[in-house]
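Notes for the one structure printed next.
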Amino acid sequence: MPSLSKKIDRIEESQTIAITSLARKLRAEGKDIISLSAGEPDFPTPENVKLAAINAIQNDFTKYTQNEGTPELREAVAEKFRNDNHLNVKAANILISSGGKHSIFNALQTICNPDDEVIIPAPYWVSFPEMVKLVDAVPVILPTKEERGFTFTAEDMKPLLSRKTKAIIVNSPSNPTGSVLDEETLRGIAQLANDNDFFIISDEIYEKIIYDGHKHFSVGSIPEAQDKVITTGGVSKAYSMTGWRIGFMAANEEIINRAAKIQSQVTSNPSSISQAAALEAVRGTQSEIEKMRLAFQRRRDMIIEKLVKIDGLTVTNPGGAFYFFPSVKSLFGRKYDGQTLKNSIDVTHYLLAEARVALVPGAAFGSDEHIRISYAYSEKELTEAIDRIASAISRLR
Ligand code: GLU
């Protein structure tokens with residue numbers, strides 16, 4: 001076989017996807033595995049949204065659409081960004097793509113030149129550094145501390161700035177930590193971006209899933225930073241539409257036109273049927289969002305009570321999204337079957353084998369002392385899973 005791309009040798013496979021697939025395979029083989037690995041709401045897609053998709057099929061809305069997304073959906077998303085996020089945008093500032101991941105990748109492709117540096121606060125979502133590498137730029141990791149709720153400020157970023165700094169990726173609420181950046185912090189980052197001329201890619205996919213009086217603030221709403229911010233989001237998490245693959249980007253028109261050029265050569269428009277569904281999600285009743293948010297909050301509150309009782313885990317209460325990111329450092333050195341747990345991968349392997357619960361090791365998110373537990377699952381599954389985890393941990397010596 002001729003040689004293959006060397007770049008791909010330097011890219012990690014997405015662990016969120018890999019572990020979710022492994023759990024699915026084990027279950028298909030008849031194994032009793034509970035998977036808390038994927039960040040995927042367990043609720044069905046709302047009825048009105050499903051109906052819009054069925055109508056789209058029946059009305060033969062099954063051909064290519066405009067490359068950038070349908071004019072109706074672009075306008076509806078612009079309206080959503082104006083109303084919910086206070087962005088100063090119109091349809092021409094919106095690009096519809098095949099999922100939030102696609103939107104972030106398009107953004108990076110649009111702004112990065114080889115060797116540009118992109119600052120990524122850690123713990124980070126698994127795909128950020130790999131996407132940066134895929135566009136030949138360099139991820140520069142900004143570690144954050146659990147004691148500070150995994151947040152950071154513009155001041156923390158300063159030592160990492162260089163002539164090559166092209167962007168920072170902020171993700172609030174965060175996957176995997178659930179941390180939320182407040183308005184003051186985001187204003188500081190925007191000021192720094194203006195002073196030093198770099199972009200802010202603001203991944204706001206979890207904006208609707210936020211608790212305890214935290215308020216989502218969109219950095220793109222700051223008028224002075226408007227041209228520096230690329231805001232990305234999508235319908236996957238808020239409307240339980242992960243499989244439909246609709247994401248969007250809001251940015252200045254030049255960025256949108258360039259990102260659309262990339263899209264025109266690589267994927268063309270996202271699915272016409274999914275766009276019809278997304279239009280209903282964004283324009284139709286928003287009542288399901290609050291129901292789901294409250295359910296996530298109930299689950300979070302239920303699980304934290306159990307997690308704090310497990311000897312060996314230290315956990316912070318997430319302010320948003322639907323993940324716990326407990327520290328498992330105290331488990332390192334504990335033994336089972338003559339083996340010693342040394343890192344987050346050992347811990348997740350042990351819990352898969354002994355508790356039959358699939359989780360993602362923190363190493364995949366840039367923190368080898370943690371594991372990620374998604375609570376976008378039913379209360380029954382969550383209760384059973386946490387009991388199994390507690391029991392498996394208690395068997396360690
Ligand atoms: N974003 C979700 C997660 O972190 C879905 C999987 C993925 O796309 O990475 O689990």
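Note that ligands are numbered from 1 as they come in the structure, with each ligand's atoms numbered from 1 the same way. What's counted below: heavy atoms across the whole structure, side chains too, no hydrogens, waters or symmetry copies.
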Determine whether the side chain, the backbone, both or neither of [X] has a heavy atom under 4.0 Å from any heavy atom of ligand 1.
X: R372; value: side chain
X: N175; value: side chain
X: E40; value: neither
X: Y323; value: side chain

Distance flag, aromatic centroids of Y206 and Y323, threshold under 6.0 Å: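 Yes, they do, as the ring centres are separated by less than 6.0 Å.
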
Contact check, S127 vs ligand 1, heavy-atom distance below 4.0 Å: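 It does not; every heavy atom stays at 4.0 Å or beyond.
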
Minimal non-hydrogen separation, S378 against D42, with atom names: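 Smallest interatomic distance, heavy atoms only, reads N-OD2, 3.5 Å.
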
Is there a donor-acceptor pair closer than 3.5 Å between any side-chain N or O of [X] and the backbone N or O of [Y]?
X: D156; Y: T153; value: yes
X: Q265; Y: Q263; value: no
X: Q275; Y: P270; value: yes

Closest protein heavy atom to atom 6 (C) of ligand 1, given as residue, atom name and distance to 0.1 Å: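 Going by distance alone, atom 6 (C) of ligand 1 is nearest to T16 OG1, 3.7 Å.
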
Closest protein heavy atom to atom 5 (C) of ligand 1, given as residue, atom name and distance to 0.1 Å: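 Of every protein heavy atom, K237 NZ, 3.7 Å lies nearest to atom 5 (C) of ligand 1.
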
ring-ring contact (aromatic ring centres under 6.0 Å, His included) contacts in which one or both residues fall within residues 151-185, not counting sequence neighbours: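 Qualifying pairs, neighbours excluded: none.
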
Close-contact set for ligand 1 against A38 heavy atoms, below 4.0 Å: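 Result: 10 (O).
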
Which of the ligand 1 atoms, numbered from 1, are nearer than 4.0 Å to a heavy atom of K101: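 So the answer, numbered in order with elements, is 7 (C), 8 (O), 9 (O).
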
Min N/O separation G39 to ligand 1 under 3.5 Å: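 For ligand 1, there is an N or O atom that lies under 3.5 Å from one belonging to G39.
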
Donor-acceptor side-chain pairing of N85 and K80 below 3.5 angstrom: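 Per modelled atom types, N85 and K80 side chains form a pair under 3.5 Å.
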
